[in-house]
Protein chains: 2
Amino acid sequence: MSTQRSTPPPAPRRGGATLQQVADAAGVSLATASRVLNGSARTVNAELSEHVREVATRLRYVSHGPAQALARATTSLVGLLVHDVNDPYFSAIAAGAMRVARERDLLVMVANTYRDPALELDYITRLGAQRARAILVAGSPPVDPALAEPLRERLLDYQHGGGRVVTIGDQGPEIDAVLPANADGARAAALHLTGLGHREIGLVAGPRGLVTIADRSAGFRAGLMASDNDPHGIEVEGDFTRDGGYAATRRLLAEHPEVTALFVMADVMAVGALAALRDAGRRVPADISLVGFDDLPICADLVPALTTVRVDTEGMGEQAMRMVVAEPDLSGEPDVADSEAEDPHAGRTVVHSATELVVRGSTGPVT
Amino acid sequence: MSTQRSTPPPAPRRGGATLQQVADAAGVSLATASRVLNGSARTVNAELSEHVREVATRLRYVSHGPAQALARATTSLVGLLVHDVNDPYFSAIAAGAMRVARERDLLVMVANTYRDPALELDYITRLGAQRARAILVAGSPPVDPALAEPLRERLLDYQHGGGRVVTIGDQGPEIDAVLPANADGARAAALHLTGLGHREIGLVAGPRGLVTIADRSAGFRAGLMASDNDPHGIEVEGDFTRDGGYAATRRLLAEHPEVTALFVMADVMAVGALAALRDAGRRVPADISLVGFDDLPICADLVPALTTVRVDTEGMGEQAMRMVVAEPDLSGEPDVADSEAEDPHAGRTVVHSATELVVRGSTGPVT
DNA sequence: GCAGGTTCGGAAAGCGCTTTCCAGCGTCCG
DNA sequence: CGGACGCTGGAAAGCGCTTTCCGAACCTGC
């Protein structure tokens, strides 16, 4: 009554019993309980061990992650940055990454950046604040250094702070990466098209600001150069969506009705392109051939089935997560389709993921 | 030399400066630094504040999430359980949930459960261990109580421990949920088909063990009953994938060539069904009509465009995340399309998300 | 000019856990 | 038979932060 210190009602502890409570109930020390329940190099007598475990179960003890993180100075969280999980390209990467994370007992924090540099920076900081063990950045960085540099620096900061970083797409020196062979695939697409006799070819690009697009475009043009019948490439740009592909294709068709083939740099856009072609009354591939990029699962079921460049998205996600988790000096056996190498730039690790042209029904000889 | 205690080289602190170091460098107390940098009810003199902030920036101070979590007894993490992020249905939910999470400054830990009950249990425990503030479970629970009960109990445990739980799909009393009007949509599909004169109708179901499928199937049959021309429903089961839909459809076609319409209970499967129909030489909709469920973005671009039941997946994800974050006694204004209500079962909150038949080119009158 | 109020910075007590160091004890070997 | 050693349990010192409680300084009004 006299005491002012009226303790507030001890709100039922969030999340059950404490290790201390378990230890007390089991009649052992905190140290012993910790060793039994949360793993340790030190071993504990089998019987005692069993007893502690029983008490813990009875008390519904659940370890306190943040406290462990604090004491151990490490967490089991990793971050994954994607442009948009709802885009099949990224959801496949995420699925691959999460599969590996699962094996390694890691929890994955996923964040949509919507390709907004400010959001990206913010998320990296926040993941750093959570002491995520690693950050995996999926999705093409911007071509513009003014946009790319801040991101890169923030990643480097994080990395210097002891975190691991792996990107899918090249973020420059010192940052490990897995890189899809965009140029190779695009080149193969060009060769395929010129081989079929096409000379007037439309390129439907995604946002030019992204290196992925720049690489695919450059690779395709390189393939064009390799042909001897002097093909023309006419490029238009569109948003990285179905509607972006639709709009860009309509524009291209209006301005250059002479094109007999289309190279669309992402399958999401190719879906729109196919619709645009249909709406414009152009038959595929009789009037015009169509090649996509990425090989989304839906491609094989479109009508006609889409010729496209396969990218092993899920595999890249897995590979990236594997690297993120591995000791920095990894020496894993490279995949058959992949090749691993020290980058000339710096001591970083770069894994190349092969791409492959998949010919289906949407391409045919020029008539 | 004599001392055995050779301190190991004090590895450069993971993640930069400590609040204490910032405080020291700024010549203020730990308490003040905390108040300035990490928000508090208490206010600090503007100049001092500015000074502390400067020092923090100079030292590249980044708050330590786990330590804050420990001290504050709460985190800014929420968990999201999905069957598979790589399935467009779930990636849309995830996108919706993540958008809201972003607004609320929450980090989302996403986990693929692959519909494996053991994995689900494990993830819930681990999210609990991380002291996730809430867990959002997307995806139909199993019909079998032997499978559903353990999950439900674990969720309840977590909830009693102070965490919030919201499910998309009904996990029973005491657990808040947002429920797509599966039965309504299926009923509308049935009415549509019988209205077109179809009497021999195939139902291509997903795994029967899931209540989502059970609901859709029951709803469809209810719609059939409402028709006066005595329609027949022949049901086959398939996996929740494109190939599952393909295989089930082929089987159905082989055994019941008389069907003139197909109701496929998920668009992923409908894509396979469409392929199976094509491969079997059946024209859609001339020979056979096709209705799907979910209205994935690709539906409108299939040939023919798929008639389907729209489910507001992204909206459900948003809604669920909003509930998860809201005070348990939420009283938000219900969406136009949604209706919120106290469940008769218990004091829980249930939000219904409307579904809507979208008629496109894949259905037509029976000939 | 002074009592009573208000601000605002600092000291210190944890939050739940890991891990080092120490102590007790049984064992082995010379 | 005694000392060295290995093994195992416990005490205690943090990990980085929040927050309560204090007290000093300053302000107000009479």
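Residue numbering restarts at 1 for every chain, and letters A, B, ... go by the order of the sequence lines.
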Inset, instruction - Name all residues meeting the side-chain contact (heavy atoms from CB on, under 4.5 Å) criterion together with A:A177; count only those two or more places apart in sequence or in a different chain, and write none if there are none. - result: A:T167, A:L179, A:R348
Legend entry - side-chain contact (heavy atoms from CB on, under 4.5 Å) against B:S49, all qualifying residues, sequence neighbours excluded: B:V36, B:V44, B:R53
Inset, instruction - Would you please name every residue forming a side-chain contact (heavy atoms from CB on, under 4.5 Å) with B:L147, sequence neighbours left out? - result: B:P117, B:P142, B:D144
Inset, instruction - Please state how far atom CG in B:L19 lies from atom C1' in D:dC17, giving the value in whole angstrom units. - result: 7 Å
Inset, instruction - Please examine the side chains of B:V52 and B:V28, heavy atoms only from C-beta on, and report whether any two atoms are closer than 4.5 Å. - result: yes
Legend entry - Residue-phosphate contact under 4.0 Å: A:Q68 side-chain N/O, C:dC17 OP1/OP2: no
Legend entry - Contact state string [nucleotides 7-14 of chain C, B base, S sugar-phosphate only, - no protein heavy atom under 4.0 Å]: -BBBB---
Inset, instruction - Whole angstrom is fine here: how far is it from CD in A:Q130 over to C1' in D:dC15? - result: 16 Å
Legend entry - Between C1' of D:dC15 and NE2 of A:H64, the distance in whole Å: 14 Å
Inset, instruction - Go through the structure and list residues passing side chain to side chain donor-acceptor pair (under 3.5 Å) with B:S34, not counting sequence neighbours. - result: none
Inset, instruction - Ignoring backbone atoms, establish whether B:N38 has a side-chain N or O less than 4.0 Å from OP1 or OP2 of D:dC17. - result: no
Legend entry - For B:E318, all residues meeting side chain to side chain donor-acceptor pair (under 3.5 Å), sequence neighbours excluded: B:R99, B:R322
Inset, instruction - Scan residues 106-128 of chain B for pairs that pass salt bridge (Lys or Arg N to Asp or Glu O under 4.0 Å), counting only residues two or more places apart or in two chains. - result: A:R102-B:D122, A:D105-B:R126
Legend entry - Integer-rounded Å distance: C:dT18 C1' and A:L70 CG: 10 Å
Legend entry - Side-chain N,O (B:S34) to OP1/OP2 (D:dT18) below 4.0 Å: yes
Inset, instruction - Would you work out how much the helix from C:dG1-D:dC30 to C:dG30-D:dC1 bends between its ends, with each end axis defined by five base pairs, to 10 degrees? - result: 30°
Inset, instruction - Check side-chain contact (heavy atoms from CB on, under 4.5 Å) between A:T125 and all other residues, then give those that pass, not counting sequence neighbours. - result: A:R154
